[in-house]
Amino acid sequence: MERPLVVVLLLVGLVIGTGVGSSYARARRGWKDYQTVKKSVPGARRTAWLLIRLVTTKVGVIALLLVGAVAYAAVGSDGEPERAGPSPSATTPAPR
C-alpha cells in the first residue's frame with residue numbers, strides 16, 4: 001500500500017474513533033446522572049408532600065379563623081348593649 005493511503009485511513013479512523021469515544025463518554029455521563037437523579041426522587045417526593053401538607057394546614061387554620069371572625073361579627077357579642085349615658089343638655093343662663 002502506498003503511504004498516503006495509510007495516512008488517510010489512519011486519519012479517518014482517528015476521526016471516527018474520536019466521535020464514537022466522545023459519544024460513549026457523553027452517554028455514560030448521562031446514565032450516571034440519570035441514576036443519581038433516580039435515587040434522589042423518593043426523597044424529593046417526600047419533601048414535596050411534606051411542604052404541601054404544611055401549606056394546606058396553614059391555609060386551613062387561616063380559613064377557620066376567618067370563618068370564626070365572620071361568625072362572631074355576624075352574631076355580635078353576648079353582653080348587654082351599651083346604655084346611653086345622660087346626654088348633655090344645653091343650659092341657658094337664668095334671667096336676672
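Because the structure is a prediction, the values reported are computed rather than measured. Count residues from 1 along the sequence.
- Within the structure, ring-ring contact (aromatic ring centres under 6.0 Å, His included) contacts touching residues 10-31 (residues at least two apart or in different chains) are Trp31-Tyr34.
- Hydrophobic clustering of Ile, Leu, Val, Met, Phe, Trp and Tyr side chains at less than 4.5 Å, counting indirect connections, keeps Leu11 apart from Val20.
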For residues 43-57, tabulate all N or O donor-acceptor pairs below 3.5 Å that involve a side-chain atom, not counting sequence neighbours.
{"unit_1": "Thr47", "atom_1": "OG1", "unit_2": "Gly43", "atom_2": "O", "d": "2.9"}
{"unit_1": "Thr56", "atom_1": "OG1", "unit_2": "Ile52", "atom_2": "O", "d": "3.0"}
{"unit_1": "Thr56", "atom_1": "OG1", "unit_2": "Arg53", "atom_2": "O", "d": "2.9"}
{"unit_1": "Thr57", "atom_1": "OG1", "unit_2": "Arg53", "atom_2": "O", "d": "2.8"}

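- Cluster note: Val61 groups with Leu65 through ILVMFWY side-chain heavy atoms spaced under 4.5 Å, whether in direct contact or through intervening members.
- Rounding to the nearest 0.5 Å gives a distance of 9.0 Å between CZ of Arg28 and NZ of Lys32.
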